[in-house]
Every structure is written in C-alpha cells, then in structure tokens.
Amino acid sequence: MHAQPHDKGVSVTDINDLVDLDKGSLKGHMFTDEDIYQQELDKVWRRAWCFLAHDSMIPKKGDFLQNFIGEDPVLIVRQKDGSVKAFLNQCRHRGMRICRVDQGAAKAFTCSFHGWSYGLDGSLIQVPREGDAYPDDFDKANYPARPIPRLTNYKGFWFGTWDEEAPEFEEYLGSAKYYLDGYIDRWDGGMEPIAFHKWTLPNNWKFMAEQPTSDMQHSEITHVSAGQVLNKGSDAADRTLRGDNPTGRQFFSDYGHGGAWYGEKGSEVPNTGQAMQKWEAQPEIAEQIAKRLGDNREIRGHLNIWPTFMVLGNYTIRVTHPRGPGHQEIWAWTFVPKDADDATKDSIRRDVMRTFTPGGMFEGDDALNWEEMQEVLHGRIARDSGFTYQMTGAPIQWDEGPYPGGSTKHVFSDNAAINMYSNYVDMMNAENWDELKQLREKHRMGKSN
Ligand code: FES
Ligand SMILES: [Fe+2]
C-alpha cells in the first residue's frame, strides 16, 4: 500500500528520536535524512508564513517575480487593480513551469510546452486546439494555476502561506514584530532593493537558519580575521569580535523566530556601515527614526523570522530555499533606504558585497563551516552522534524592560537555537495549527504557565 504523507505509523524517521532538547542534543540525521526532509516540506514549509516579494520589486501592473515556498515555485504578480496575487508556478496541463523568467512584466503567461496561457491572476485563459481537439464540455475555468490562499503585506513585504488555518501573520510574528520593525520600519520613505545575489551551498537549510536566529558566538572565532580587516580603526567592533565585550542581548519567540545584537542597545558595535550611520545621524532622519520606533531603533544585529526570512544589520535581507536535505539555495537582496542619497546607497551596496555575498568575507567563512559540517555527516558514525546546545548560562527573561518575548541578557547563547528547534519539532509533530499552538504554549522556554 502506498503511504500518504499524513499516515501515522508508516516507517518514516521519527523526529522525536533525533532531538532531545532537555539535554540540548540533536542527532546529525535531522540534517541528512530524506524522510525527515519530506516531512519538513509538508509540515514546516507548507504551513509557515514565507517571504514572497517586496512591493518595490513589483511596482507596476503586470510586474511579476518568481520565488519559492520550500521547493514549490510560485509567481507573485501585481494585478491590474494594484492588488497582488500569487500562485503555484506549475502548468495545469503537464506540470511545466508556467513562467521561466525570474522577474519581469507580462500581460499573460504562456507555457512554453504546449502553449496554455494564464492571466495575471492565474486563471487559464487560452488552450491551443480547444475548438477542434477538445470535447465540448472541456472548461478552462476548472484549470487555474493553484493560488496561494493566504497573502499578507507587512510594511511592504509580502508573505504567503498555503495553510488556510495558519494564524494571521502578525500573530505568527508575535514579539518578533518589535525587532523586525527596528530594521524595516525606520524611514518615512521606506526601503528598496538595489542588488540581488543567488547561490547554492551543499548543506542543510537549518544550519543557515540557526545562525541569524541565535549564533553570534561563532563571530569571535569564525569571523575574527575578517572582522579585524574590515573594522580596522573601530575600537568597539574590534573589542567585541575579540570577545572582550560580549554584552548585548538575544531574543526568541514562540514560533521559532530569534535574533541578537551587541551592546545593551546595540550601540557599541557599528552593525551598519559608516555611510548608513552618517545618513541616519542627520537630524531630520534621526527624528523620523525616533518617532517611528522609539526604543528599538538601536537594535540591529541578526534576525530570523522562521523558517528563513533573514535580516542582517548591514541590510542584506534574504531567504534560503531548501533543495533536498543536503543543499540550499540562498537568495539575498541588498536593501537601502529609498530616500538616501546615491553615495550612501552605493556604500551600503559595497559594504554588503564585501561581507555577505557569495564572495563576501563573512559569507565565505560561514559557508565553509556549513559545508564541512554536512560533509562530516556523510559518515555513518558521525550522523549518529549528537550536536550540543548547552550554552544556556544566562537566564531567560520574558518581556523584560522594553524587550518583548523571551530574551537573554547575553549576546552569546543557545537559547534562541533551542527555541527554534523546539518550534521545529512541534511543527513536525502537530497535525494542524491548533495543535501546534497548544504545543508551543506547553513548550514555552523558561516560562511557567
Ligand atoms: S505543460 Fe503547459 S501547456 Fe503543456
Ligand atoms: Fe557568520
């Protein structure tokens, strides 16, 4: 009998055998196992809210962008009335990609296999030979491209989910909203992408997701040379990268989001380039920021909105798409304040290029770690031994001072990673969102209910 993805009792790998969060232990199989990966596509990627596009990527009617939710290709299209629709980029005829272009403007989409055509809203509008080779009762209305049922625009960023029962996006964000706003809701003129890089790496997507969620501590080792070169002359940055000043804070919240920043208010290390700091220091801009954000205006370091919407303090904003258990495809945009002058924008672009693009110094450091980890996991014995998450020395605080959600008053902590994996395990175990909500309540870290 053929097993269905939701069948219970079929012989697939059980995530609960691989994770022991009380002991801070994860088995390597969860980064290599094909069964686990197939469950992730169904239980994580199909149910989570995922980033699709920014308004400025599809400003005019007919503008479209191709993106992915997990491994499912999707098209996000600006409609004639200015609204946005998104649908699976799969032809209803024989399953070819409807649109093979990454981004552009269109009046309709014609499949390049047999020529079925779809409107901007995904409806099937033309079928070659419909008049003479199809039966009279063939009805195009039965074959629209499959729409993404839930879409939302959060401050210019479009997110979507296939799950009709998922909570509203802002509920999904929860306390991560406060921190995300600190990056994306600063300037009256909004933001826009000015550069875009895509690349693949031979490692599991969770290695990357974990990093902006939680792992700041690798910086003082992995990135020490790059940090010394790039921050020459900046005392604060140099001190922190050497580990003299690991203050700051780490945050995490219910649905697996997490982030961290240096300095109690992020002020001790220039997370953004100097050009951005100078531009933001202008009185009228500083006033905008203070008015829009209040306290959280200084909080910029690393942030991940689960599963993989990542924002770094120098304004690489990115996702990684899973490509099987051992590969990922990273899509990284460089965002800038729309109102900034050209020199500032270009400086931000060069700063990101130097640090967090395929040829960037930090990115190369990170890629090496992830690739090696995955390669080691090819070993039978290595796959069976556990990874350790025990850096939990700083106590967990909830809604401490101005900081909503769970947080730890130390930038170096595994708490946000443990929280991310706790949410991951709950998603893998829960049959639906109701059950997931209950599990998350039950497993809220360090909080007695
Ligand atoms: S697969 Fe698209 S028209 Fe045949
Ligand atoms: Fe890194």
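Just follow the structure's listing: the first ligand is 1, and inside any ligand the first atom is 1. Just so it is clear, the model here is predicted, and its values are computed rather than measured.
Contact atoms of ligand 1 toward G115: 3 (S) (distance under 4.0 Å to a heavy atom of the residue). Distances below 4.0 Å separate heavy atoms of M96 from the following atoms of ligand 1: 1 (S). Near W116, meaning under 4.0 Å from one of its heavy atoms, ligand 1 places the atoms 3 (S).
Restricting D366 to its N/O/S atoms, the shortest distance to the Fe ion (ligand 2) is reached by OD1. Atom ND1 is the N/O/S atom of H114 found closest to atom 4 (Fe) of ligand 1. Closest N/O/S atom of H93 to atom 4 (Fe) of ligand 1: ND1.
Looking from atom 1 (S) of ligand 1 to the surrounding protein, the closest heavy atom is R94 N, 3.3 Å.
Interatomic distance, CZ of R383 versus CZ of F31, reported as 13.5 Å (0.5 Å rounding). E40 CD to E71 CD: the interatomic distance, rounded to the nearest 0.5 Å, is 10.5 Å.
Residue side and main chain included, C111 places no N/O/S atom under 2.8 Å of atom 4 (Fe) of ligand 1. At least one N/O/S atom of C91, from backbone or side chain, sits under 2.8 Å from atom 2 (Fe) of ligand 1.
Between W205 and W306, the ring-plane angle classifies as tilted under the 30° and 60° cut-offs. Ring planes of F159 and F157: tilted class, angle from 30 to 60°.
Of the possible polar contacts, none joining the S214 side chain to the Q211 backbone as a donor-acceptor pair under 3.5 Å is found. For the pair R97 (side chain) and N89 (backbone), a donor-acceptor distance under 3.5 Å is absent.
The Fe ion (ligand 2) lies at the vertex of an angle of 150° between the NE2 atom of H223 and the OE1 atom of Q211 (rounded to 10°).
Geometric assessment of R323 against the ring of F68 yields a positive cation-pi assignment under the 6.0 Å and 45° thresholds.
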